[in-house]
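A quick write-up on the structure given underneath.
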Amino acid sequence: MKVLKIFTILFLVASFLGLKSAEANDALKNKILKNVRCLICQGQSVYDSESEFASSIKLIVDRKIDEGLKEDSIYEFLREKYG
């Protein structure tokens, strides 16, 4: 019975940490997308834009965060790739 309780607690802690990580990734993604300007929509952030270009950038940023890149590295990647 004690083993079951321990596994339950460990499962709950692991689930909580996973949620915190997902929230942190979403917050980072939104921060980056709000700081990057869409090349199609004049003066509009990628976060606010619905253009195909913005949709592509959103996917790229999401992928780079999943790969473990930090904020500065993602900005640098976008600068190198899209100027």
Side-chain angles (χ1 to χ4, degrees):
M1 193 65 164
K2 286 183 181 182
V3 173
L4 181 60
K5 287 181 184 179
I6 291 172
F7 280 121
T8 303
I9 291 170
L10 289 175
F11 175 76
L12 292 174
V13 169
S15 297
F16 177 74
L17 292 175
L19 289 175
K20 289 278 280 184
S21 177
E23 288 177 7
N25 285 350
D26 286 343
L28 176 60
K29 177 183 174 183
N30 290 339
K31 180 182 177 186
I32 292 170
L33 295 177
K34 288 177 182 178
N35 287 326
V36 175
R37 297 286 161 218
C38 180
L39 295 177
I40 307 301
C41 311
Q42 294 178 344
Q44 194 173 28
S45 70
V46 169
Y47 180 85
D48 295 322
S49 175
E50 295 183 18
S51 70
E52 285 185 40
F53 173 78
S55 295
S56 297
I57 296 298
K58 290 173 186 176
L59 290 173
I60 290 169
V61 169
D62 199 32
R63 195 171 305 131
K64 294 300 177 184
I65 290 172
D66 288 344
E67 290 174 7
L69 267 66
K70 301 294 180 199
E71 184 177 356
D72 292 338
S73 299
I74 294 171
Y75 287 130
E76 185 62 31
F77 174 82
L78 293 174
R79 266 188 231 105
E80 289 175 4
K81 187 89 170 165
Y82 300 102

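These values consider heavy atoms only, across backbone and side chains, with no hydrogens, waters or symmetry-generated copies. When a residue number appears, it is its place in the shown sequence, counting from 1.
- Taking each heavy atom of Lys34 and Ser45 in turn, the nearest pair found is O-CB, 3.5 Å.
- Two residues are said to be in side-chain contact when any heavy atoms from C-beta on lie closer than 4.5 Å; Ile60 and Phe77 meet this criterion.
- Summarising the local packing, CD of Glu67 is surrounded by more than 12 heavy atoms from other residues, nucleotides or ligands at distances under 6.0 Å.
- Not a single donor-acceptor pair under 3.5 Å links the side chain of Asp62 to the backbone N or O of Lys58.
- Smallest separation of non-hydrogen atoms from Val61 and Lys29: CG1-CG, 4.2 Å.
- Summarising the geometry, atom CG belonging to Leu33 is positioned 9.0 Å from atom CD1 belonging to Ile74; distances are rounded to the nearest 0.5 Å.
- Rounded to the nearest 0.5 angstrom, Lys81 NZ and Ile57 CD1 are separated by 9.5 Å.
- Atoms CD1 and CZ, from Ile40 and Phe53 in turn, are 6.5 Å apart once rounded to the nearest 0.5 Å.
- Contact detail for Asn30 and Tyr47: the closest heavy-atom pair is OD1-CE1, 3.4 Å.
- Note that CD1 of Ile32 and CG of Leu69 are 9.0 Å apart. Values are rounded to the nearest 0.5 Å.
- Taken to the nearest 0.5 Å, the CD atom of Glu23 stands 10.5 Å off from the CG atom of Asn25.
- One distance of note links NZ of Lys70 with CD1 of Ile65; it measures 10.5 Å at 0.5 Å rounding.
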